[in-house]
Amino acid sequence: MSTTKPAHPPTRTVHRVFYVNGEEHEVAFAPHKTLLEVLREDLGLTGTKHGCELGECGTCTVLVDGEPILSCLMLGLECDGRRIDTIEGMAGESGAHPLQTKFAEFGAAQCGYCTPGFLLTAQAVLEEDPAPSREKLAEELSGNLCRCTGYLKIFEAIEQVAAEKRGEAAGE
Amino acid sequence: MSSNGSSSQETGLSPEAQGLRDQLKEGYNQIGKSPVKVDGMAKCTGATVFADDIELPRMLYCKLHRSHVAHARIVSIDTSAAEAMPGVVAVLTGDSMPETFGILPVSQDEHALCIDRVRFVGDPVAAVAAVDEDTAFEAMNKIVVEYEPLDPVFEPAKAINNEVEPLHGYGDDGNVHKRISMQFGDVDGALEEADLVLEDTMFFEGNTHLPMEQHAAVAMREPDGRVTLWSSTQTPHYVHRAVSKVLGMPPSRVRVIACPNGGGFGGKSDPFNHEIVVAKFALMTNRPVKITLTREEVFYCHRGRHPVLMNIKTGFRKDGRMTGMHFQSLLDGGAYGSYGVASTYYTGALQTVTYDIPTYRFDGVRTFTNKPPCGPKRGHGTPQPRFGVEVQLDKAAHALGLDPAQMRLDTLQPSNSVTANWLRIGSMGLGPCIEKVVEGSDWKNKHGKLPYGKGVGIACSSYICGAGLPIYWNAMPHSGVTVQLDRGGGVAVFCGETEIGQGSDTVLAMCVAEVLGVELTDIRLTVADTHTTPVDLGSYSSRVTLMVGHAAFQAAERARELLAKAAAKKLEVPSVRLRFAENRVFDVQDPERGMEFADAVKLAEAAYGTIAVAGWYTPPPSPGKYRGAGVGPSPAYSYSSAVIQVDVDPETGLVDIEKIWVAHDVGQCINEMLVIGQVEGSVYMGLGEAVMEEMAYRGNRFGVHKIPSLLEYKSPTTKEMPPVETYIIEDPDPNGPFGAKEVGQGPLLPIMPAVANAIFDAVGVRVDEVPITPDKVLKALGAKDKRCGPRSFPDLKITDTMRVKTEAEGGDGTAPRPPKKKKPEKGKGEEVKAS
């Protein structure tokens with residue numbers, strides 16, 4: 001390999017402020033990067049996964065201002081000053097979020113790769129509708145692909161969380 | 001003397017071993033329960049580190065330049081523009097790695113980077129390592145490869161005629177990679193005796209694993225010159241061998257660590273080009289190097305389900321019993337060997353383990369074609385023949401006026417028997433499986449009785465619990481586990497097994513916890529690391545629960561024995577009476593008399609030194625001794641049955657899957673929740689194969705994949721997933737740890753034929769082809785013979801058929817004489833009428 005070629009120029013970055021998992025972060029990143037890339041590569045938040053980087057599988061879902069967003073389709077630049085919630089921030093000081101606990105208890109996470117995307121989507125669904133029907137859940141989660149579970153345990157875990165939140169036993 | 005069990009004098013076991021047997025008889029601490037997976041919370045908090053999550057200082061990024069042509073000779077490769085780019089640190093071409101590799105010893109046909117020839121669109125030709133991914137991508141595109149085109153072949157029926165230059169310089173004949181013909185008993189005579197002979201030609205299209213995680217690998221040169229490779233692989237042991245071989249490094253200087261896989265399903269079971277390339281780059285550059293495949297590249301790496309054309313000729317008696325079967329398969333192997341030789345055998349191996357087939361002939365051919373290589377996908381080589389056999393059984397039942405469920409029940413292969421092709425069956429729970437789904441689905445009031453458009457179908461299957469023989473033949477264990485005890489009561493467990501989402505870490509931990517009577521939280525696992533863990537061959541062939549389970553049991557038992565001896569002395573209790581539960585060691589007759597588990601460890605360590613013991617497992621020998629008898633034998637076989645209810649729209653051909661009832665004979669659940677999860681996941685994946693998934697190529701455009709994306713390669717979403725009723729049959733198998741058998745693959749198998757059979761019940765048409773898409777249903781509805789499927793089967797050009805006497809004929813499992821030269825069977829199979 002030639003040693004005389006010019007050095008690789010440093011990547012030009014922009015500086016923006018994100019509110020990630022309740023904390024303010026000033027982050028420098030290449031302006032063409034997607035939110036997914038900024039999260040994983042510039043903030044070290046690798047809990048957000050990717051399955052296609054084309055907006056097809058839902059794996060990279062995070063919440064932006066509370067809305068489930070495919071982070072592979074959103075530019076980092078679009079997130080200036082916005083509130084971003086990732087899987088790393090889902091557990092609070094008092095412990096895991098009930099969705100996390102139930103996903104684990106019900107076996108809703110097998111390989112676990114699609115799980116962060118499902119959890120954040122489910123969190124947004126439950127915030128909007130505390131008692132979603134199975135049909136509603138299927139509709140809301142239809143953009144998230146899972147190859148392991150057949151989705152059934154995912155439905156059951158979310159329904160259990162919803163039921164417990166309402167003070168009922170699941171299935172009633 | 002134990003109060004509850006038999007004495008050690010009676011059984012010949014040591015008092016400690018007898019104590020454990022008695023303990024297990026009294027009830028399990030862990031087995032059969034549903035504790036949260038040991039990695040469950042890590043996966044729900046984003047804490048699990050997958051291969052692409054690894055980030056190391058000064059890490060470079062690798063991209064592969066892949067062929068855009070299906071078949072060509074490489075004339076030249078110009079990497080100068082890529083090398084000149086700022087930020088590019090190294091460039092590789094194939095000449096630097098001339099050693100071949102491949103998963104099977106008989107198919108070492110891959111190069112890390114192609115040297116003189118490319119064989120499919122996607123074959124890697126050169127590689128770039130650069131300071132960031134964008135630079136690597138740009139540089140990769142600046143590599144110029146000059147090709148001299150060769151005629152490609154995309155169809156097995158053409159490949160078999162050797163009309164084009166063979167892809168490889170090995171195999172059985174030109175582009176025939178493997179040709180097999182074997183016969184057990186007098187099939188021709190049996191077919192003559194039959195009351196009904198059916199002959200069907202069917203096709204099972206290829207499909208792919210589609211794990212959510214794209215393959216990734218990171219390599220690093222250690223300060224002492226070793227190389228460490230982290231990879232999303234299901235088989236770190238085989239990757240270790242391949243990397244050592246190609247790089248020419250002693251295995252002791254290569255470390256392979258399998259990260260938890262973000263789904264595997266067989267797609268990460270081969271050693272891959274990209275793994276070897278990043279290891280080479282790390283050594284060259286002395287910097288860590290990462291590669292993550294794009295989704296499109298994952299489609300081209302493939303190693304998925306072989307497209308299989310089948311011809312099945314079976315004789316039936318009036319009561320539905322079979323007299324004999326002649327099964328022929330033609331596999332489209334794609335461009336490389338992969339597991340293909342095994343896949344070919346598997347298309348013929350397991351037909352005999354579900355129903356009694358007293359005489360059996362199998363002819364199989366795998367061809368090379370200029371498409372991404374096929375390999376093992378969940379069910380490896382068996383879903384295709386299972387589809388054919390189960391659909392044909394449904395046709396036979398219809399023709400004979402029998403109930404398809406009852407006919408199956410009446411023809412079951414008995415437990416504790418040997419099949420015509422010399423597979424030894426142990427426990428066999430298919431009968432109860434059928435009974436469960438028949439009852440649960442209200443089959444008797446539905447089959448043949450639902451209004452036009454609605455229907456139910458049934459199908460069954462079986463799968464191996466680990467291959468009886470290792471991939472490279474040797475006498476060593478298939479799985480090893482070491483257990484090391486802390487003075488504080490912690491238990492460190494080491495095993496080469498690989499967690500791919502199926503729950504193998506949890507099974508390992510539960511088996512150890514069961515024997516030692518500790519909690520799962522007391523156990524620390526170190527897995528899938530060739531530097532620190534005993535070899536386990538990998539997460540394939542549904543082998544892990546059975547083999548790792550046995551090895552874990554043995555290692556834990558050996559540790560328990562030391563603790564029991566030391567504790568017995570201190571407590572002045574015969575060690576046969578000691579029980580290990582709830583982190584205590586105590587006298588079963590006086591539970592107050594005991595000690596903490598940690599104190600037993602301290603006593604044992606004082607008496608016997610550091611407590612670190614190993615356990616291992618090697619499968620029992622198979623009764624089959626003929627050439628080819630290595631594929632099919634297993635320590636045990638799982639069984640499944642499914643009833644599926646469909647609603648078919650005769651106007652559009654759309655098939656709505658309304659509900660699935662599935663029963664699986666797992667022997668014994670280790671973790672019931674994980675068992676149900678595997679059943680539901682298998683059903684889901686089978687459903688995708690049944691109605692939508694296919695690897696489709698543009699034959700007229702040089703073998704480019706039509707739909708290499710998650711959006712266009714249709715797979716079931718939440719909206720397509722029907723309700724599933726799961727029944728677990730527990731009939732412990734003497735060869736399984738705690739009686740356990742597999743569950744990861746078997747329950748997929750009955751889904752595709754059950755859908756096809758349900759469609760027949762609904763609208764009276766046969767779709768003898770998978771996937772069953774609406775256009776095929778419409779085609780069948782419009783066809784004179786109410787059928788859609790292949791109409792002919794090519795001559796496989798079988799010249800020698802190995803003859804093996806069955807057990808009933810007084811055979812001994814060998815092929816007594818070398819195969820006789822026979823004339824090619826003229827006219828046979830050239831144009832076969834499908835029933």
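Per chain, numbering begins at 1; letters A, B, ... match sequence-line order. All of these numbers come straight from a predicted model, not from anything done at the bench. Values reported hereafter were calculated over all heavy atoms of this structure, with side chains retained and with hydrogens, waters and symmetry mates removed.
Contact annotation for A/His97: neither backbone nor side-chain heavy atoms come within less than 4.5 Å of a heavy atom of chain B. Proximity to chain B (any heavy atom under 4.5 Å) is restricted, for A/Thr149, to the backbone atoms N, CA, C and O. Both the backbone and the side chain of A/Ala109 come within contact range of chain B, judged by heavy atoms closer than 4.5 Å. For B/Pro722, the part lying under 4.5 angstrom from a heavy atom of chain A is the backbone only. Within the 4.5 angstrom heavy-atom criterion, only side-chain atoms of A/Leu119, from C-beta onward, approach chain B. Proximity to chain A (any heavy atom under 4.5 Å) is shown, for B/Val724, by both the backbone and the side chain.
With respect to chain B, the highest number of heavy-atom pairs below 4.5 Å among A/Glu53, A/Arg40, A/Glu140 belongs to A/Arg40. Ranked by heavy-atom pairs shorter than 4.5 Å toward chain A, the options B/Thr135, B/Leu674, B/Thr292 are led by B/Thr135. The candidate with the highest count of non-hydrogen atom pairs below 4.5 Å against chain B, out of A/Pro116, A/Ala91, A/Cys148, is A/Cys148. For the set B/Gly262, B/Ala42, B/Gly40, the count of heavy-atom pairs under 4.5 angstrom toward chain A peaks at B/Gly262. Of the residues considered (B/Lys37, B/Arg295, B/Gln214, B/Met721), B/Gln214 shows the highest number of contacts with chain A, using heavy-atom pairs under 4.5 Å. With chain B as partner, the option from A/Leu54, A/Thr48, A/Thr115, A/Leu45 having the largest number of non-hydrogen pairs under 4.5 angstrom is A/Thr115. Per-residue heavy-atom pair counts under 4.5 Å with chain B were compared for A/Cys114, A/Gly107, A/Ala104, and the maximum is reached by A/Ala104. Between chain B and the residues A/Cys52, A/Pro9, A/Gly47, A/Gly51, the most heavy-atom pairs under 4.5 angstrom are made by A/Gly51.
Side-chain atoms of B/Glu55 and A/Glu41, non-hydrogen and from C-beta on, never get closer than 4.5 Å to each other. At a threshold of 4.5 Å between non-hydrogen side-chain atoms, the residues A/Cys111 and B/Glu213 do not count as touching.
Nearest heavy-atom pair across A/Thr59 and B/Met212 is OG1-CE, 3.4 Å.
Between the side chain of B/Tyr684 and the backbone N or O of A/Leu152 there is no donor-acceptor pair closer than 3.5 Å.
Among the candidates B/Gln678, B/Gln502, B/Glu680, B/Lys43, the single residue satisfying the side chain to side chain donor-acceptor pair (under 3.5 Å) test with A/Gln110 is B/Gln678.
Here B/Asp53 pairs with A/Lys49 in a salt bridge; the nearest charged N to carboxylate O distance falls below 4.0 Å.
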